[in-house]
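Each chain gets a letter, A, B and so on, in the order its sequence line appears, and its residues count up from 1. Worth knowing before you read on, the calculation uses all heavy atoms, side chains too, and leaves out hydrogens, waters and symmetry mates.
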Amino acid sequence: MKYPFEEIEKKYQEIWENDGFFEKKKGEKHYLLEMFPYPSGKIHMGHVRNYVIGDVVARYKTMKGFNVLHPMGWDAFGLPAENAAIEKGVHPVKWTEENISCMKNQLKKLGLSYDWNKEITTCSPNYYRWNQWLFLKFFEMGLAYQKTADVNWCPKCQTVLANEQVLDGACWRCEAKITSKSLKQWFFKITEYADEMLDHKLGKWPENVLVMQKNWIGKSKGIEIFFKEKKTGKTIPVFTTRPDTIFGATYLTLAPQYPLVDELIEDAPNFSEIKEFIEKAKIRVSPDELEKEGIFTGRFAINPVNNEEVPIWIANYVLMEYGTGAIMAVPAHDQRDFDFAKKYGLPIKIVISNQELGIKDHRIDRAYEGEGVLVNSGMFDGMESERAKEAISDWMEEIGIGVRKINYKLKDWLISRQRYWGCPIPIIYCSECDTVPVPEDELPVVLPLDTKPGQNLWEIEEFVNCKCPKCRQPAKRETDTMDTFVDSSWYFLRFITPSCETKLVLKEEADYWMPVDQYIGGVEHAILHLMYARFFTKVMRDLGLISVDEPFTNLLAQGMVIKDGAKMSKSKGNIVDPDSIIERYGADTLRLFILFAAPPEGELVWNDKGIEGCFRFLNRVYRLKDKVEERDHKEDRLYIPINKTIKAVTDDLERFSFNTAIARLMEFVNEIKNNIPKGIFEKFLLLLFPFAPHITSFLWEKGKISDSPWPPYDEDVIKEKEITIIIQINGKLRGKITAPYDLEAEEIKKRAVLSVSDKLKTSPKNIIFVPNKLVNIVL
RNA sequence: GCCGAGGUGGCGGAAUUGGUAGACGCAGCGGACUUAAAAUCCGCUGGGGAUUUCUCCGUGUCGGUUCGAGUCCGACCCCCGGCACCA
């Protein structure tokens, strides 16, 4: 037996299409947002999960009387569109538009309550002109700059990538191995906000997301110490977090790319050997495959704390991008330096003593990296390393051989992409005036649409050639486009006034709606998108666009959808198509199952059988319509259960425990035996409505169910008059009694002892009483 | 290696502050209805033993705190996620 979900869902989706969802403008504001999708073709179960969670919250909050903003849009620039153009000969515009219309249709078939009047599409000039406008603002503020750097290059995507977009040495999108390339590129100075981004003081974010971001930012406090090269007297600064080990520095190591290297080795007898090593060492290998190797330069440096000469080496494990590109090696107290020193027979000098390692024993077999008392460290001998760090730093700064410094792992965000299907960077290069920003009133720089598949912007002369805005002489446009993560770093602001032509957002409206009260999306964006969006928010605040420090007050990081032990994906061939499920069971069943199968933060294991249970449940609900009776409901035996259910479902929704909320609804239906009074049935329908809006709309009969407020519960009824008291003997369950609510302790204890008297071999030593819960008799 | 989250029946998962472990659903078993099947409805369903309402064991392992521990503390084991020569 199946209820006629096709007709029901079609009917109500048509009604919603015409009526919309959010006409009323009263109550406290609630900005609810789910991560907008890339229009890749069809929605997948991950989308369904994300958007169904959002929809339940939207409908619940609306019923609770909030003024809800719940918009949806499209993250529409990106590489798959270009690949499709090359493979199928369809223009990215057409491909994207078709996908959007298909996916929008799918979202509607799920019964999602979006305010489609606020829809945005990042590839439309009306949207990306503000992308360009923000770029110009960043440029004015010195937050957008160009530099030549060794950058991550994906040979398959034929473009550069930001650091965050390289996973395990491979491209985040196509998994091709990343190579290095030296290019002049545009960067956003995200590092300027590194410190502020370490704290998220607003609302509730999952701990693991905050920790991941913190690790990514990777703040470390230390000191730059100035070594001098002996022959030339040139300064080689090294960064360390362990100044307490400075007396144990027995050699220096430079990154292969270190600028001074060429000069240092020019008169070395084994010059060509060193050169060869450097070229080999420059090739990036993943850390676990890399054997630590190095070569002596023939030169020495002076350790400024004791004027000792230490050899200068070049090693493949020293990174040019972090710190100064040069390190002081303390083999006794750093495992990497230790391995290296052992391999090349370099001296190992212990300067931190500890219980495990005798200070006189020089044949240690590993580095001691912990804290301890300083030895062999001149006037700092006997000091605790924690104190010595400060004392040595103070002293170094005083005599000018070092300066305290904070380093971050976080790098500036490389935003140039050598791709066509993206937002053009609004910059013009003029032989006279150099780098000139496109004037604001000439925005947008429109992406030319009359192109052939695979054609790049630099191949389109009409685009490239232009006039310099300053001197009106012929000039050339920047032909790189922006990383698509730029588009999604501020879209939550555009949703507020999406069609405003004069401003990115109207200030008063932004002040009303921002920040987003609840953001919902996959954990996979914990670093990339969420960090970029926080960065943009802080810049937009400094620009005076908004008054908030953070974009998203609360974050719900939803788990992945799994089948056969792996994330659902086309390449693994384990996808379940939402359309086929809707066709078979209807959208309400799909919505219910995806919420019921797992708590939102956890992984959801797809089970073809499990969905049957939700379908059966909705069929039972449907059949209830024949059991509804017109009669007084306050006296009915279901009156207490429905009130308990209202309380439970309300509490569960407040803490996003959708799976248990649905279980409560199922329990209630299991309670109904022969019939149900209409008043109680209606309350039940209101509770079920956010989860299964179609079937509940149908069963509601009178008017629109969505106009009804969330039902309150009767406090008096919930407090039961007769309650069950657990009786334990020595903490083990031995019986139960029922007693009036709040019956006094002595009376309960008396009854409890009496009820288990045959099991009491000795008289009780102690009786623990927890009001309205249990009695524990201790023998 | 470091950081984070977790380990509960055959399975997905409940147990919100330490107080009836296993709600709800799936799968399974038995029964009703039916000529039969499907659907539906009812009952059982952590393990062992007595077979009736009794009893022992049981939330990764070992120990601790407590009248009482899935929940708190300590040590260890195992999975998952993130970062990984960051000096």
Side-chain angles (χ1 to χ4, degrees), chain A residues 1-2 167-168 206-216 218-220 222 238-242 245 253 285-288 290 292 315-319 321-330 333-337 339-340 369 407-411 523-524 526-527 559-560 562 592-593 596-599 601-614 616-617 619-620 623 648 651-652 654-655 657 659-670 673 724-736 759 764-770 772-779:
Chain A
M1 155 65 216
K2 69 177 181 101
L167 310 169
D168 277 329
E207 192 58 29
N208 60 329
V209 172
L210 292 175
V211 169
M212 275 194 235
Q213 293 200 357
K214 194 178 163 213
N215 290 345
W216 190 262
K219 179 179 182 170
S220 48
V238 301
F239 176 74
T240 181
T241 54
R242 293 295 304 269
T245 64
T253 319
V285 190
S286 75
D288 43 313
L290 185 74
K292 281 187 191 58
N316 59 356
Y317 70 96
V318 178
L319 304 170
E321 313 88 82
Y322 186 77
T324 62
I327 61 165
M328 64 175 207
V330 185
H333 305 292
D334 183 297
Q335 193 56 40
R336 295 159 301 177
D337 298 341
D339 295 341
F340 192 84
E369 297 183 330
N407 262 312
Y408 298 91
K409 272 172 64 180
L410 181 73
K411 306 273 173 359
V523 242
E524 62 272 21
I527 294 175
M560 293 187 298
I562 304 287
L592 217 55
F593 176 66
F596 181 64
E601 300 91 342
E603 282 179 352
L604 188 150
V605 181
W606 186 267
N607 177 340
D608 287 326
K609 276 279 162 39
I611 196 161
E612 301 262 1
C614 290
R616 274 201 278 267
F617 170 68
N619 274 297
R620 278 219 289 283
R623 272 183 264 120
D651 291 349
D652 283 348
E654 288 294 339
R655 63 188 178 109
S657 183
N659 53 335
T660 53
I662 292 167
R664 298 295 197 169
L665 294 170
M666 288 173 168
E667 266 178 279
F668 177 75
V669 170
N670 291 343
K673 302 292 175 199
T724 306
I725 303 277
I726 303 308
I727 301 161
Q728 297 180 332
I729 298 173
N730 288 337
K732 288 188 176 172
L733 178 69
R734 282 296 177 269
K736 291 171 198 179
K759 287 169 191 161
K765 266 193 224 140
N766 190 15
I767 298 176
I768 308 284
F769 171 64
V770 182
N772 299 318
K773 266 203 178 127
L774 66 81
V775 174
N776 186 12
I777 302 163
V778 186
L779 296 179

Mark up nucleotides 48-60 of chain B, 5' to 3', with B wherever a protein heavy atom is under 4.0 angstrom from a base atom, S wherever such an atom reaches only the sugar-phosphate, and - elsewhere. -------SSS---

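- Ranked by how close their nearest RNA chain B nucleotide is to the 5' end, K673(A) and P599(A) are led by P599(A).
- Straight-line distance between the C1' atoms of G46(B) and G70(B): roughly 15 Å, to the nearest whole Å.
- A gap of 9 Å separates the C1' atoms of G18(B) and U66(B), to the nearest Å.
- We find that CD of E601(A) is positioned 19 Å from P of G4(B), with the value rounded to whole Å.
- The partner of A87(B) is absent, by the rule that a Watson-Crick or G-U pair needs both atom distances under 3.5 Å.
- Interatomic distance, E603(A) CD to I562(A) CD1, rounded to the nearest 0.5 Å: 4.0 Å.
- Using a 4.5 Å cut-off on side-chain heavy atoms (C-beta onward), F340(A) and Y317(A) make contact.
- Of the possible donor and acceptor atoms, one in the side chain of N776(A) sits under 3.5 Å from a partner among the backbone N and O of G731(A).
- Of all nucleotides listed (G82(B), C24(B), G12(B)), C24(B) comes nearest to the side chain of E667(A).
- One can place CG of L592(A) at 12 Å from C1' of C24(B), the figure rounded to the nearest angstrom.
- When the C1' atom is used for both G10(B) and U17(B), the distance is 34 Å, rounded to whole Å.
- Applying the Watson-Crick and G-U wobble criteria (two distances, each under 3.5 Å), C54(B) pairs with G49(B).
- Computed from coordinates, the K411(A) NZ to A84(B) C1' distance equals 13 Å when rounded to whole Å.
- Remark: side-chain polar atoms of K411(A) are not paired, donor with acceptor, to backbone N or O of Y408(A) under 3.5 angstrom.
- Straight-line distance from the CD1 atom of I662(A) to the C1' atom of G12(B): 13 Å, rounded to whole Å.
- On the P atoms, G22(B) is 24 Å away from G28(B), given to the nearest whole Å.
- Relative to the side chain of N659(A), the nucleotides A14(B), A87(B), C41(B) differ in distance, and A14(B) lies closest.
- W606(A) is listed as a side-chain neighbour of F593(A), based on a closest heavy-atom distance under 4.5 Å.
- You'll find that the side chain of N670(A) is closest to C24(B), out of C24(B), C26(B), C67(B).
- A75(B) is paired with U61(B) under the criterion used here, namely a Watson-Crick or G-U wobble arrangement in which both key atom distances are under 3.5 Å.
- When side chains are defined from C-beta on, Q728(A) does not count as touching I768(A), because their heavy atoms never get closer than 4.5 Å.
- Rounded to an integer number of Å, the gap from CZ of R616(A) to P of A39(B) is 8 Å.
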Using atom names, set out every protein N or O paired with an N or O of nucleotides 16-21 of chain B below 3.5 Å, distance rounded to 0.1 Å.
residue : atom : partner : partner atom : Å
G19(B)  : N2   : Q728(A) : OE1          : 3.2
G19(B)  : N2   : N776(A) : ND2          : 3.4
U20(B)  : O2   : K736(A) : NZ           : 3.2

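- Closest approach of N215(A) to K409(A), counting heavy atoms only: O-NZ, 3.5 Å.
- Here the separation of G58(B) from G81(B), taken at their P atoms, is 33 Å to the nearest Å.
- Side-chain contact check for E369(A) versus D334(A): some heavy-atom pair is nearer than 4.5 Å.
- Few gaps surround NZ on K292(A); more than 12 heavy atoms of other groups in view lie less than 6.0 Å from it.
- For W216(A), counting side-chain heavy atoms from C-beta on, the closest listed nucleotide (A84(B), C3(B), G12(B)) is A84(B).
- Which of A23(B), C80(B), A14(B) sits closest to the side chain of E603(A) comes down to C80(B).
- In G9(B) the base sits syn relative to the sugar, since the glycosidic angle is no further than 90° from 0.
- Remark: P of A5(B) and CG of L210(A) are 12 Å apart, rounded to the nearest angstrom.
- Of the candidate nucleotides C83(B), G25(B), U40(B), C83(B) has the atom nearest to the side chain of I527(A).
- Between N215(A) atom CG and G82(B) atom P the separation is 13 Å, expressed in whole Å.
- Between A597(A) and L604(A), the shortest heavy-atom contact is CB-CG, 4.1 Å.
- Across the strands present, C44(B) finds its partner in G28(B); the criterion is a Watson-Crick or G-U wobble pair with both atom distances under 3.5 angstrom.
- Pair check for U17(B) finds none; no Watson-Crick or G-U wobble contact set falls under 3.5 Å.
- Inter-residue side-chain proximity for E601(A) and V523(A) is flagged as unmet; no heavy-atom pair is nearer than 4.5 Å.
- In this structure, K409(A) reaches the bases: a heavy-atom distance under 4.0 Å links it to at least one base atom across the strands shown.
- F596(A) and C614(A) make their closest contact through CD2-SG, 4.1 Å (heavy atoms, listed as atom of the first residue, atom of the second, distance).
- Checking A87(B), G82(B), A14(B) against the side-chain heavy atoms of M212(A) singles out G82(B) as nearest.
- Between G13(B), C41(B), A87(B), one nucleotide has an atom nearer to the side chain of I327(A) than all others, and that is A87(B).
- Residue-to-nucleotide contacts include a donor-acceptor pair under 3.5 Å from the side chain of K292(A) to the base of C85(B).
- As a whole-Å value, the separation of I562(A) CD1 from G13(B) P is 10 Å.
- Relative to the side chain of M666(A), the nucleotides G25(B), A27(B), G13(B) differ in distance, and G25(B) lies closest.
- Each of I777(A) and Y408(A) has a nearest nucleotide on RNA chain B; the 5'-most of these lies closest to I777(A).
- Rounded to whole Å, the separation between the P atoms of G47(B) and A23(B) comes to 13 Å.
- Between T660(A) and A23(B) there is no side-chain N or O to OP1 or OP2 distance below 4.0 Å.
- Annotation for N607(A) and K609(A): closest pair OD1-N, 2.8 Å, computed over non-hydrogen atoms.
- Comparing the P positions of A50(B) and U55(B) gives a spacing of 16 Å, expressed to the nearest Å.
- Taking side-chain N and O atoms only, N619(A) has no distance below 4.0 Å to OP1 or OP2 of A39(B).
- Nucleic acid contact for V318(A): base, since at least one base atom lies under 4.0 Å from a heavy atom of the residue.
- If you take atom P in A69(B) and the same atom in U45(B), they sit 26 Å apart, rounded to whole Å.
- Across all strands shown, T253(A) has no heavy atoms under 4.0 Å from either base or sugar-phosphate atoms.
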